[in-house]
Amino acid sequence: MSTLTALAQLEAIAAGRAVPVATVRHCHLSETPLVMIPLKLAGEAAAPLATMLGTDRNAPTLLVVPQPRNRDLRFGYAAELAKAVVEHVEAERGATETLEPSKDGEERFRYERAPQIIVPNRGSVGFLRLLGRSTRFRSTEGPWAVDPAVPMLGRWLTWFADRNDRPGSSVLLTLTETLRMHWATGQSSLEDGNLGALMGWIDPPEGMDGPSAAARAEDPVVSPPAGPATDPTFDNEVLAPAIAAFDESGGEPRAEERIRAAVASQLTPTWDLAWRALDLLRALPEGASVPRRWERDRDSFTYFHREFAESPPQAKLDDAVRAARRLHDLERSQESYEAQRAFDDPLVMAEQRLAGQAFGGVVTEAEPTRLDESGKRPKLRPYVRIRTEDPVRLDEGATVVNAARPGLKGKVVEIDGQDVLLELTGGMGRKLTPEPGVVPEPGQPVVFTSRTADSWGASKFPEREDTPWTHGGPPAEYEPADEDATEVWS
Amino acid sequence: MSTAVSSPAVEANRVVEAVLADLAKDHRGVVVDSPPGAGKSTLVVRAAAHLARAGERLMIVAQTNEQVDDLIDRIATDHPDLTIGRLSAAGYLASERVTAHASVRVALKADDIADRTIVIATAAKWATLTDGSWPWAIVDEAYQMRSDMLLRIAGRFERALFVGDPGQLDPFSTVEVERWAGLSWDPMRSAVSVLLAHNPGLPVHRLPVSWRLPASAAPVVSQAFYPFTGFRSGTGPQDRRLELGAGGMGTSYDRAVEEAAATGWALYELPARHTLRTDGEAVQATAALAVRMLQRGPVAHSERGEAPVGADRIAVGAAHRDQVAAIRLALGPYADDITVDTANRLQGREYDVTVVLHPLSGRRDATAFHLESGRLCVLASRHRHACLVVARAGIPELLDAHPSAEPVRLGVPVKFPDGWEANQAVLARLGEHRIRADS
Amino acid sequence: MIRDDDHTATDLSHLRGGETARNHDARTIAALTANPGCARRGVMDAAAVDKDAVARHLGFGAPFGQSQFAITRGNAFEAQVKADGCAELLALLRDGLGLDIPEVAYDDLESVGTESREVRHTRTRHLMARALESGEGTMFDHPLLRLDIAGQRAYLEPDVIAFQLGGRFHVVEVKSFAVVDGQAEPEQVAAAARQSAVYVLALRELVAGLGHDPERVSHEVFLVCPENFSNRPTATPVDVRPQLAVVRRQLARLTRAEDIARTMPDGLTFALDEGLPDAVRAVEARYAPECMSSCEMALFCRDEARACGATGTLGRPVRDELGGVDSVVTALDLARGVREPSEDMAETAEQLRVAARLRREALASAPAPAVPPRDTASPLVGVPAHGADVLERTA
Amino acid sequence: MSGSPGSSPDVLEERIAELRAAVRRAAAGGDRETARNLRAELRRAEQAWDEAVLGGDPATDSPAPAGAQGNVGGVARGLVPVREQVHQALTVLGVPAAPKLIGAVHGAFFPGEIPATRLTSLRRDEERSFRSAPYARPYYLCAALTADLLAPARGLLTVSTWPLRQRVVGPLSARVDFLTAAIRVAERAEHTDTGRDAGVQRLLWRFAATIPGAAGGTVGTDGAVEPAVVAEAARAELAVHSDADGRDRAAAARRAADALDDAALLFGGGLRVLPRRTGTGDGPGAGADTGDNTTTGAGASPGDTTNRRRR
C-alpha cells in the first residue's frame, strides 16, 4: 500500500468506477489459457464438488461429483479432471528450442510455450494445492488403485501451485490479484476479493456504476460466489435437497442431471466474468520484462515436464535444504520482479519517486564531455543537473540509474533544493566522449532511481545429504506408504 | 552459602565461568542469551581467547562488517598475541580499527589466512565458502541470523557457541510464505530457535546483569521484554548520574531534558493527532530534544568515571527509514555527529543518551510491524543514562483499540513477549515521566 | 439466556428495551475481544443486545450462515471423537501424551437429568472440586462454566472436554477443520485459540473460586482435528497465553461501555422499533473492513461510513497512508490543491499533491487502453439452458 | 401458483429460479415460515420440471424411506420391530450403549438396518408405555443411570431385565463397557465365524483402533483385524479397570434401589423433571452437593431450556 494507490482508490470513489494503477500488463497471458473454476464441499478440507473449465469461452466443460462423499465418484471426477489438465499441459508445449549448453556441457532445452491456468481467486489456488496434495501420492495398483491420471493430476497441480508462490510467475494466475495489480477500486481489499464486486467496479454493466454493480455482486442469490466455497443458502436450499434426491434415487441419471444444473447455475456467471476479465487484461500492452519472466516459467515447465517420468511426487514438506533454497529463490524473484515492474511502468516508478528513492525532472544543464582526471587515467564523468519537484530522499554519493535506460549509471553529487547534480559513471561507451544521444541534454525529461534491476547472484547451499546437525542432519528418504494410498479422502 | 544476594559482578561472572566450563564438555553447541548490554561482546572476546589458548582454531561469525570490525578491535586490543584473519568481500575497505593491529591480516580467500588462530567474517561471507572446517565457531548476534544462513555455514564448524539477544528484532524476509510455518527448520526462524528445536539438550545460559542499562531502565525493560527470564542492572541508582552543565530556559524541551537527566526517562508528549509517518512536529521535537540535550552540556558520572556527553554519545532512533531521513534533515549540521538510525540498525549499539520517536506516535491504526516488541525493545535499551521518547498523546487508547488477533500457526512457538503487552507495560512506565509540549 | 436474578451494578440490560438478551457463548465472548475500539459494538455487546436482530431490523442482515454440509461434518466428527467414552480421544492422549492406561474416567457433566444450568454448573463445580483435591477423574465432558461479562453472569456450555493430566487441567477442543501435514488455516486456529482461551479463563475462575491455584488449568490446550484428508483425529497442543491476555484485558474494558451508554439520549433503547436507527446512530462506530468477519452490524456500519465518505471504508492501510484525513472529499480536494489545508494537514496535503502530480504525469505518458466491447453473446446470470453445451457430460 | 405439470419447461425453469432465490432470501433473513412454504412450492416445481423435461415416472420417483443408501441387506425391513432390533443388538453387547454402536452391531450381525431417526424417540416411547401400563411388556428399553446423581445418562440405552449394577454407569464405566463390548463382539464373530464379513470387520476395526495392542500384527497382511487379538487386548486393559468400576457400580446400584421408585429406576430419577413432580427433586447425589449454591431445585423450572450451540 502506498499513498499513490490510496489516492487512486479515492479517485475511484469520486469517479464511480475503477481507475488504473498500471499502464502496462505485468503478467503474461497465454493465447489459450485454461480457465478453471473449482467448487468444493463446505466443511471438508478438499472434497471437490465441481469444476467448470476449458480453453474456449463458448464451450466450457463441467465436471461434477454428484455425491462428494462417495469415494468412487470422487476419484472418477479426479480422473476426468486429470485428463483435462494433462491434455492442456501437453497441448501447450510447442516446439523444443535447443539452447547453448550449460557451463558443464549439459544440453539445455526450452519449450516454446507453457501451459497457463486462470482461477478466480486465492482460495482457488489453496484448493488446487490441497487437491494436488490429496491426489499425488495415490497408488495406481494394489487394493486402493486409482486411475493413473489421478496422481499425475496431483503432481501437476502441485507444480502449478508452487509456481504461483513465485513473484512474477504467470503459469497460475488468480484474477482478483491480477486485476488489483492493474486497477484500484473504491472499496477495500477485502471486498475486492469478491471477483464479481471487483469486476463491477472495473467494468460495470450497462446502466450501472461501480458501487451499484459491486452491491449487486454482493448478493449471493443474484451473483454466486466465485468459489471455491459455495453460498450457504445455496447449499441448504438447492444443493442438499438435490444430493439427497440423488442418494434416494440410487444414482439415477436425472437426479444427477438436476445436481449438474444447480451447480452450473453457480458457475456460469463466474465463468463469464473470468473471460471478460481476461479481455480487459489482454487490452493492456504487455510490460517490457514480461517475456523475460515468462521465459523463466517456460524453463521451469520444461524441466518439470522432461523429468516427470523419472521423478517421485513432490515431498509433503520441504526438507531444510529445500526450504532454504526455495526461500532464497523466492526472495530473488521478488527483488527482480519489483525492480522490473518499476522500469516497465511509470506508474509503478512513481511509487519510488513519491518515496524519494527515485526522482524525475528536466535536465537544466549538462557537461557531456566532462573528464575526471584525478586518477592515473582520465575517466569520462559527465555532469547532469536536473530540476525536480519530487521529494528526493537520497544521500549524496548514492548510486542511481536511468529509468528509461538502466545501463546508464550515475552518482548523486549534490542536492540543492529542487536541483540534483549527477555525475554519470557508466553506460556511455568505452571512449572518452560519450556515444551520441546517451547523455541527457538540457530540456530532456529524465527519471533516475536508486533501485537497480540487477539481482544478486544465486547462493550456495549444502546438499540434502549434507544437512548439518544444527538442522537435524540429513532427512530420511521418502518411502511411499500404504497410508498415502489409502488415506480416506475426507 | 552466602546469605546476602551476591553482587552483580559475581553473579555475572559465575554465568560466564559456567559457559566457559561447558565449552570443555562434550556439547556440540552452547547457547548464551544476553539481554541488552549484558556483556555479550566481552563474553565473545573471552570465549575466543579461552578456546584459542586451549589450542583450538576457531571461526567467528558476526552479522555486519561493522560488528566484525568491532570484534577484531576488541580481541586484538585485549589479546595482541592471538593471530587474527579477517575474511572480507571484494569491495571492503579495512577500517582503521582493523589496520591498526599488527596481528590482523585481511584477505579475500580463506587460504590466505589459513595460519590464523582466529578467522572472523560476516555470515554472508562465510556462506560463500564451500570447504574448510574449524573445530569451533562463535556465532555472534545469533538471534538476528536467519536459520537458512546457519544452514549454509554450519558445515564449516564442528561445534559452536551461539551468543545473542532474544529480545531484539526477529530476522525477516521480503516474501510472505506460509509453507514452512511450524517446521522446526523453517528458514525464516532465527538460527537459535532452529538449533534448539533440533538439539533440545544443548545448554542455554543467560547473562543475568545488564551493565549498560541504568537502574532506572533495567527493571522496565526486563519486565516488558524478558518476562520469563529477567535480568538486573549492574549498577545501583546512585552509580549513574547525568548532570547538565548549562542552564535551561524553562521550555518543555528543557523540562524534558531535565526530567530525563534526573530520572533516566522522559516522555515528550505532543497533542493527539493522526499524522503521516514523517509527522513534521514529532520529527522536529525529536531533533530538537537531541540538540537541546547537547546544548545543556551533559556530563555523565558513572562507574567509569566522569565524562562529558558529546554528540557521538547521543543517538536518535525511529521505526522507519523515511523518519530517519526526515530527522537527519531536521538536525541539520548536528546530523554529522549524532547517530540517527532505525531500530534494525541500532541493534547491538550503545550510547549515553537516546531520543526515540515512538513507533506508534500519531498512528490511527497499529499494525504488527509497529507492535513488534523487538522494535521497541531495541529503541528503549540503547542508553547508559537516559532515554527520551517523543510521542503523540493517545497511544494507550490506540493499543486498547487494537487487541492482537493474529492468526495462529500450529507448531510455531508463541512469541514472548507479545508486542501489545510489552507496549502497554512500557507506556505505563513512561507515563510517570510525561512532559507535555508547549502549545 | 442471562438470568435476570444475576443483575449487578453495571447492568445495561435496560438498553435492550425489553428484547431478549443474546446468549453469550465462547464464540461471542471471543468476538468481544476482537473489538477494534468500537463504542457501538462495545455498548451493544455489554447490554447483550441481539445484534443480528438489530441489523436485520435495520435492513442490513448479516450474511452469516453455515452450510448444512459444514454443520453435519462438524457434528459427525465431534460425535466420532467422543463416541464410546471418548475412545478415540483416549487413544490420542495415550499415544501423544503418554496418558496412563488406568486414566480412563469419563464424566459427562451434562447428565444431570435436568436442563437447569444452575444444577449443571453445580455439578461441574462439585466434580472439579473433587478432582482438584483427590486427582479423581480424567475427562470431563460438557462442563458448564460461568464468566462475568461486563458485570453480568454468562453461562458457557462448551462442547469441550476438560482433561486432567498430572494434576493439571487442559482444555480439549474438537474442531472439524483439517490439519494437513501439520498445518491448518491460521484464521481458524486463531478463532479456536480465542474460544479456548475463554474456556481456560472460565475454568481458572472456577478453580480459583474453589480455593485452588488457577494455574492448575493449563494455558496449553489441545486442538483435536481431522488429520490430512481422513476422518482420523489428531491432537495438536496450542499455547493460548497471548489470547488469554487479550481476553482478560478486553473483558476488563467492557465495563467502560457503561460510561458510553450514559452519553446516549435518555430513554433511547435498542428495542426493535422505529427509534432503533436513532439509537444505533447515537453511539459512534469505528468501522473497518475487518468488521465484516466478526460483527453482525458490519453492513450497517459500512453503509453509514460510505454515506459520509469515510476513508476507513477502504481499509486501515489506506486510511493510514492518508495520515489524519478521514474524509474522501477532503483528501481529494487536498490532492487537487483546491482546498487550503489546515496546519495539521499540511504534510498530508503536500504528500497527496505530489502523488496526484506523479499519477497525472505517469498516466499522461501512457494513456489507458480502450476497454474492449462486451461480448454480448454470453448471458450474465440465470439458470443455464438445460441440455446446452454447458451440460455436456464428461464426468 | 404455477408449477403445475402442464407448464412448459422454460416457464418452469424461470419459476424454479425465482423460487430458489426467494427461498434463499427467506432463509438468510431468518423468516422460517415463508422459507418453509416456498420450499414446498419449489419441490413441486422441480418435480414438474423433471416430468416435463426428463419424462419422469412418478411411480418410481416417490421418495424412498429415510436412511436408504441402496437397500443394504435388502430383506424385510419392518418385519422386526425397531425395539426388537435394538434388543438383539444390546443383548450381543451386554452393556449400556449409544445408538450409533447399537446400529453398527445390528448391521454387522443381523439382517436389516435400524433407522437412525427411530432411535432418538425410542426411549421416550418406552417410558410412556411403562407409565401407562407398568410391566405390561416382557422388557423395556430404558436408560442407564449415572452413578452419582442417578440421572439418566445421556445417549445410552439399556435393557430393563439387566441387573441394576449393569445399568448404572460411573466414571470408569464408559471405558469398561467399551472394552466389554469389544470382547463380546469379537467372541461372537469367532463363534459365528463372521470375522471376515465387511460389517463385522468395520466394527472390529473401530474397537481395535483405540485399544492398545488390538491392531498389533494384523496390518500389512490383508489389513484384517483378528477377533481373537482384539478380545485378548481388550481383556488385558479391562483387567486394569474392572475392579474399581465394579465397586462404583455396586454401591450406586444399592443407593438407587433404596432411593428410586420403579419408573425412576428404569428411566432415571435424580433431578429429572417429570410432567408432575414426583418428589425426587433432590437425588442423593445432588443432596451431597449443595456447594455454595442453594438454588439447585429451583433451577429445574421447565422454562429454563437451553439453547445449545452446535457446530
Side-chain angles (χ1 to χ4, degrees), chain A residues 1-3 6 126 129 133 158 161-162 164-168 314-338 354-357 391-395 398 415 456-473 475, chain B residues 28-29 124 126-131 137 139 142 146-160 162 172-189 191-199 202 276-278 320-326 328-329 335 367:
Chain A
M1 177 50 56
S2 73
T3 309
R129 189 190 298 275
R133 163 65 180 82
T158 305
D162 281 352
N164 177 263
D165 285 342
R166 183 174 301 254
Q314 297 96 328
K316 288 180 188 169
L317 299 169
D318 289 344
D319 57 57
V321 174
R322 185 92 196 83
R325 273 182 193 283
R326 193 190 295 272
L327 176 58
H328 179 69
D329 288 351
L330 293 179
E331 287 180 328
R332 280 181 64 200
S333 302
Q334 171 76 17
E335 180 96 1
S336 61
Y337 179 47
E338 277 182 12
L354 188 62
Q357 300 301 304
V392 187
R393 286 200 187 98
L394 292 174
D395 293 328
I415 301 174
W456 12 294
S459 295
K460 293 174 181 136
F461 290 87
E463 293 299 319
R464 188 173 186 278
E465 54 273 19
D466 295 329
T467 307
W469 60 277
T470 52
H471 289 62
Chain B
R28 273 208 98 160
W126 280 116
T128 62
L129 268 61
T130 48
D131 51 11
V139 182
R146 245 170 37 182
S147 92
D148 55 344
M149 186 56 96
L150 178 61
L151 177 84
R152 291 165 65 193
I153 62 175
R156 302 282 76 75
F157 54 80
E158 321 244 312
R159 304 162 70 190
F162 296 85
F172 67 97
S173 169
T174 51
V175 292
E176 278 181 45
V177 192
E178 296 204 342
R179 65 185 295 144
W180 307 295
L183 294 184
S184 55
W185 57 83
D186 180 349
M188 307 228 217
R189 263 156 86 168
V192 180
S193 135
V194 166
L195 172 82
L196 289 175
H198 290 278
N199 302 274
L202 298 187
L276 289 180
R277 277 207 308 238
T278 49
H320 294 278
R321 272 195 278 182
D322 50 4
Q323 293 172 331
V324 166
R328 278 208 192 115
L329 205 63
T367 68

Discussion item. Please find the pair of heavy atoms, one from B/L202 and one from A/W469, that lie closest to each other, and give the distance.
Written reply: CD1-CZ3, 4.4 Å
Response to the item:
Turns out that what part of A/L317 lies under 4.5 Å from chain B's heavy atoms comes down to side chain
Discussion item. Is it the case that over 12 heavy atoms from other parts of the model lie below 6.0 angstrom from the CD atom of A/E465?
Written reply: yes
Worksheet item: So which part of B/S184 gets closer than 4.5 Å to some heavy atom of chain A, the side chain, the backbone, both or neither?
Response: neither
Discussion item. For B/V177 and A/R326: C-alpha separation, side-chain torsions, deciding distance, then whether side chain to side chain contact (heavy atoms under 4.5 Å, CB included) applies.
Written reply: CA-CA 10 Å; B/V177 192; A/R326 193 190 295 272; 5.9 Å; no
Worksheet item: If you tally heavy-atom pairs under 4.5 Å against chain A, which of B/L129, B/D186, B/L329, B/L150 wins?
Response: B/L150
Item to complete: Classify the side-chain pair B/T174/A/E335 by whether it contains a donor and acceptor separated by less than 3.5 Å.
Response: no
Worksheet entry | Separation between CD of A/Q334 and CD of B/E176, rounded to the nearest 0.5 Å | 9.0 Å
Discussion item. So which atom in B/T128 and which in A/K460 form the shortest heavy-atom distance, rounded to 0.1 Å?
Written reply: O-NZ, 3.6 Å
Fill in: Sub-4.5 Å side-chain heavy-atom contact between A/T470 and B/W185
no
Item to complete: Determine whether A/D162 and B/R179 make a side-chain contact, defined as any pair of heavy atoms from C-beta on separated by less than 4.5 Å.
Response: yes
Worksheet item: Is chain B contacted by the side chain of A/D318, its backbone, both, or neither, given a heavy-atom distance below 4.5 Å?
Response: both
Worksheet item: NE2 of A/H471 to NE2 of B/H198: how many Å apart, nearest 0.5 Å?
Response: 6.5 Å
Discussion item. Side chain to side chain contact (heavy atoms under 4.5 Å, CB included) for B/D148 and A/H328? Distances and angles first, verdict last.
Written reply: CA-CA 9 Å; B/D148 55 344; A/H328 179 69; 5.6 Å; no
Worksheet item: Has B/R159 got more than 12 heavy atoms of other residues, nucleotides or ligands less than 6.0 Å from its CZ?
Response: yes
Discussion item. Under 4.0 Å between a side-chain nitrogen and a carboxylate oxygen: does that hold for A/R129 and B/E178?
Written reply: no
Worksheet item: For A/R325, is it the side chain, the backbone, both or neither that has a heavy atom under 4.5 Å from a heavy atom of chain B?
Response: neither
Discussion item. Please identify, among B/A325, B/A160, B/S173, the residue contributing the most non-hydrogen atom pairs under 4.5 Å to chain A.
Written reply: B/S173
Worksheet item: Between B/V194, B/L151, B/V175, which shows the greatest number of heavy-atom pairs under 4.5 Å with chain A?
Response: B/L151
Response to the item:
Assert top hit (heavy-atom pairs under 4.5 Å, partner chain B, pool A/D319, A/D395, A/T467) equals A/D319
Worksheet item: So what's closer than 4.5 Å to chain A heavy atoms on B/L183: side chain, backbone, both or neither?
Response: side chain
